[in-house]
Amino acid sequence: MNELRGWLLDIYPEAQVGAALWLIGEDGQRYHLRQPFPVTFYAAGRASTLRRLWRYLQSHPAQPVLKREERQDIFVKSMRTVLAIDVNDPVAQNALFQEIARAFPDLDYFDADVALPLRYAARHRLFPLAYCRVGVDANGQAQTVEPLDTPWDLSPAPPPLRILYMELDADPARNKPTRLSLRSGSFHGPATAEYHLDLDLERPLLINLKAILQRCDPDLLLTTWGDTWLLPHLLERSAALGLPLPLNRDPARQPAHHPEISYFSYGQMVHRGRQVHLFGRCHIDRGNAMMWEDYDLEGALETARVTGLPLQTAARVSPGSGISAMQMVTALREGILVPWHKQQAEQPKTALDLLATDQGGLVYQPLVGLHHDVGGIDFVSMYPGIMVRFNISPETVQGQRPCIQDLEPFASENDLPGLIPLTLAPLLEKRLALKNQLIDLPKWDPRRKIYQARASAHKWLLVTCFGYLGYKNARFGRIEAHEAVTAYGREALLRAKEAAEGLGFTVLHLYVDGLWVKKPDAKEPADFQPLLEEVCRRTGLPISLDGIYDWIAFLPSRVDARVPVANRYFGVFRDGTLKVRGIEARRRDAPPFIAKTQMEMVELLAQGHTPDERQAGVRKALGLLRRRLNRLRSGKTPLEELVVSQRLSREIEAYKSLSPVARSLQQLQAVGKEVRPGQRVRFVYTRGRPGVYAWDLPTPPDARTLDLERYAVLLLRAACTVLEPFGLNPQLIAGLAQNVQTQQLCFKLVPRNERQRREPAVRTAMTTRSRGVSERGTIPD
DNA sequence: TACAGTCGGGG
DNA sequence: GTGTACGACTGTA
């Protein structure tokens, strides 16, 4: 037997064999190995139906091996009697399962629809990009596989990935691309070769591309628009011209096409373009990878390593699917039955959706206005931390009523942590370790970016785990578990507030997992340290000083200036870092010109520490506003800076009122351009009817038709948002508008109540919805 | 004024 | 691997 060492690149089912493995050998070779992989799944239900299924399977050509077993169903207290069905390979298992699920729809099925890579991760503790040792026999079959690292290693040996970058010279959604640029290189390494191919010269294109693929033999195609245009286009031309294009490494496979999809998910449409997955080689379309902006290839690799999902999948799915995968792997390892996922999953809520709103996060109404020397204090990964510390899991919350007021954990039957804490604990630990390493690394260290990307990937996984708990279609979701988490969260935040007040701090604001406090003479981190320790002592949860704000402004509602708004604020930390929430600069539909100017104004306001310096900052911000207004009016603002981008929430017919985005969509459809719900539509405001011009029309907009006054209004409003807390009268700001109409539009936006004397802010602690969880948080049956 | 439509959140 | 939170704010009718 031959021993190989290397990195596991790809893994997928192969009929009549089991698993196909692709290994990046330490010797630089790429190995296609096969491994037998029998699979077991389970059926449970009425004894008579199970007997019928038994008889049905006994004479089945797939010849499954049948056993009667007792296994743990997480949603049932006692063990369940199940029929275990052993099948030779995963392809046969899938076919058999589909067949009997149709024939016996009344049974419950378990471990039936788990993807091979996850079964593999559970059985062999191997995961994508794992460094491993494989014993191979003379037939190329992997006889033994052994991991040599774990997903929890902080500095795993970087896989020597060969990458082929494929770029187009134009966005195919706007203009037909003419040139394909190729660059080969390694992970973290410089480019080793560059090629440019003409997309219109199809024969040479395909012939050259084939040669390049064979010469470079990349492990990963990293493309722009590869999913949505390039790969489908190349494959289609290759078929039409009869020129084979070996995008796959596995010659027996065709690339897998996944269709585009628009779906509704917690209040908004989401669109994911079509996808092309390869075999033996990975393809990632940067534009179609959901979290790419956040964490790049480094984060995708990290997600694949800890979740067990194949790299191509890990890069494209939302982190919710990642956490779901991890839960399944944990369950398989622990012998807990994995329920069949009958309904397709809705996109899980991110915790933040829930944080801000209905799921029982504690929200205060802040003290509106400008405050100096404020400590911002946050619980560290609050919800995941709560799940781990208080052992919250679908099976542990069942039938238990621990006293949340006393912050007692849920008990486990076997004294082991529940499924969710078991899954989350190592993630939390690794994220913490990554962040600790970050603290020690100097700013210039290139490893910073890597650790940050990894920490960000972990953050998302942790955050979505909470959303998944409360999500009715999640395999391991249970609403009581979800409610328990928020109840503990409220209790912890209340205790933090009490601790702060006990130590003489004024609590300016509370928001789910954070609080803003101040005290005369508390100006240094050390002055807040006793509070951190006290909160930690009272709650058992780690808490940290986010920073000390030189100043922070909590904004009132625009609709009614007497009402504080929980999540509209901006401020600057001691080190000059800005924190901005909820205002125009943060909104993805704000034209860049508006967002940038507002942000620059905040930067000017943030300069200086003395009152005089701050006054100067306000004057500078006003000066900037005047200059930007003049530039706008003189037509010198670049067109692309004025583009509004909004996400379509529905098909055009479903719009009841012709909003700007709907009118832009009409224009696009008139020239045959389709935009699906969930995709973004870009447009600029123009004078007269129809008031907008779609940015992606074949002809660019005429700069002379732009409705510059409308932009002036938007700019002045954004300016009011940040200048008002500094005592500037909004009417004075609106006065910068040169024409009466603009002034009126701005003025209309300045709330009438502004002119009244502001009543003291009403401050109420409220759980926005408790859904059966009583105010101080015990859980009803 | 009423209703319709978009966005947020973290780091 | 589609199924509707909720509040703030802005635009249209």
Side-chain angles (χ1 to χ4, degrees), chain A residues 113 115 258-259 261-272 275 291 293-295 313 316-321 324-325 341-361 363 378 381-382 431 435 438 452-453 455-460 462-464 467 470-475 511-514 546 555-560 563-568 577 579 581-584 586-590 644-650 654-663 677-678 680-681 685 691-692 710 713-714 717 721 745 748-749 751 768-769 771:
Chain A
D113 60 340
H258 302 199
I261 185 170
S262 289
Y263 54 94
F264 198 85
S265 159
Y266 290 88
Q268 63 171 342
M269 287 307 294
V270 181
H271 176 268
R272 195 164 59 204
Q275 302 179 11
M291 312 300 300
E293 289 84 5
D294 282 299
Y295 51 53
T313 314
R316 286 175 175 93
V317 298
S318 64
S321 313
S324 182
H341 207 198
K342 237 182 270 191
Q343 291 108 319
Q344 294 309 346
E346 93 194 49
Q347 209 70 5
K349 311 174 195 216
T350 70
L352 301 169
D353 301 329
L354 300 160
L355 280 188
T357 59
D358 68 318
Q359 305 294 321
V363 172
D378 293 326
S381 292
M382 185 199 228
R431 175 155 199 265
K435 294 198 83 163
L438 271 170
Q452 263 162 357
S456 168
H458 284 263
K459 183 206 166 51
W460 275 110
L462 289 168
V463 153
T464 40
Y471 156 53
K472 62 181 180 301
N473 280 342
R475 286 182 208 249
Y511 197 82
V512 186
D513 67 345
D546 191 24
L555 295 172
S557 162
R558 261 185 162 150
V559 182
D560 184 340
V563 179
V565 186
N567 50 6
R568 278 167 60 83
T577 313
K579 186 137 175 166
R581 291 296 175 272
I583 66 176
E584 288 84 349
R586 289 292 292 222
R587 290 181 63 108
R588 272 173 275 197
D589 61 350
V644 180
S645 158
Q646 286 186 330
R647 197 195 283 268
L648 281 183
S649 65
R650 61 204 75 197
Y655 278 94
K656 290 183 188 164
S657 80
L658 280 178
S659 60
V661 71
R663 283 198 287 262
R680 303 187 81 87
V681 169
Y685 288 117
V692 291
R710 180 158 192 168
V713 171
L714 293 176
R717 279 185 208 156
T721 305
L745 277 166
K748 213 170 84 184
L749 253 289
T768 45
R769 187 175 79 194
R771 271 224 289 213

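Just so we're clear, the structure is a prediction, and the values are computed from it rather than from any experiment. Worth knowing before you read on, the calculation uses all heavy atoms, side chains too, and leaves out hydrogens, waters and symmetry mates. Lettering follows sequence order; numbering is per chain, from 1.
Nearest to the side-chain atoms of A:Arg710 among the listed nucleotides C:dT12, B:dG5, B:dG10 stands C:dT12. Distance from the side chain of A:Ser557 is smallest to C:dC9 among B:dT6, C:dG11, C:dC9. When the nucleotides B:dT6, C:dT10, B:dG5 are ranked by their closest atom to the side chain of A:Glu584, C:dT10 comes out on top. Listed nucleotides B:dG11, B:dG5, B:dC7 differ in distance to A:Val661; the shortest reach to its side chain belongs to B:dG5. Of the candidate nucleotides B:dA4, C:dA13, C:dA8, C:dA13 has the atom nearest to the side chain of A:Leu658. The side chain of A:Ser657 approaches B:dG5 more closely than any other nucleotide in the set B:dT6, C:dC9, B:dG5. Distance from the side chain of A:Ile261 is smallest for C:dT2 among the nucleotides C:dT2, B:dT6, B:dG10. Of the candidate nucleotides C:dC9, B:dG11, C:dG11, B:dG11 has the atom lying nearest to any side-chain atom of A:Arg586. Which of C:dG11, B:dG11, B:dG5 sits closest to the side chain of A:Lys459 comes down to B:dG11. Of the candidate nucleotides B:dG10, B:dC7, C:dT12, B:dC7 has the atom lying nearest to any side-chain atom of A:Arg587.
As rounded to whole Å, 10 Å separates atom P of C:dG11 from atom CD of A:Gln646. When rounded to the nearest whole Å, the span between CG of A:Asp560 and C1' of C:dA8 equals 12 Å. Nucleotide C:dT12 holds its C1' atom 14 Å from the OH atom of A:Tyr655, rounded to whole Å. The distance from atom NE2 of A:His458 to atom C1' of B:dG11 is 15 Å, rounded to the nearest whole Å. Between the P atom of C:dA8 and the CZ atom of A:Arg568 lies a distance of 10 Å, rounded to the nearest Å. Taking atom NZ on A:Lys656 and atom C1' on B:dC3, their separation rounds to 9 Å, with Å as the unit. Distance, A:Tyr511 OH to C:dG7 P: 11 Å, rounded to whole Å. When rounded to the nearest whole Å, the span between CZ of A:Arg647 and P of C:dT4 equals 17 Å.
Figure legend. C:dT4 is base-paired to no nucleotide; pairs are counted as Watson-Crick or G-U wobble with both atom distances under 3.5 Å. With a cut-off of 3.5 Å on both Watson-Crick or G-U wobble distances, the partner of B:dC3 is given as C:dG11.
Between A:His258 and A:Arg316, the closest side-chain pair of non-hydrogen atoms is not below 4.5 Å.
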Test side chain to side chain contact (heavy atoms under 4.5 Å, CB included) applied to A:Leu714 and A:Glu584, step by step | CA-CA 9 Å; A:Leu714 293 176; A:Glu584 288 84 349; over 6 Å; no
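One finds the CG atom of A:Asn567 at 11.0 Å from the CZ atom of A:Arg586 (value rounded to the nearest 0.5 Å). Note that CZ of A:Arg680 and CG of A:Asp589 are 7.5 Å apart. Values are rounded to the nearest 0.5 Å. A distance of 9.5 Å separates OH in A:Tyr511 from CG in A:Asp513, rounded to the nearest 0.5 Å. Taken to the nearest 0.5 Å, the CZ atom of A:Arg568 stands 13.5 Å off from the CZ atom of A:Arg581.
Taking the P atom of each, B:dG8 and C:dT2 are spaced 23 Å apart, rounded to whole Å.
Within 4.0 Å (heavy atoms only), A:Ser645 reaches sugar-phosphate atoms of the nucleic acid but no base atom. Contact annotation for A:Arg650: backbone-only contact, meaning every heavy-atom pair under 4.0 Å involves sugar-phosphate atoms and none involves a base.
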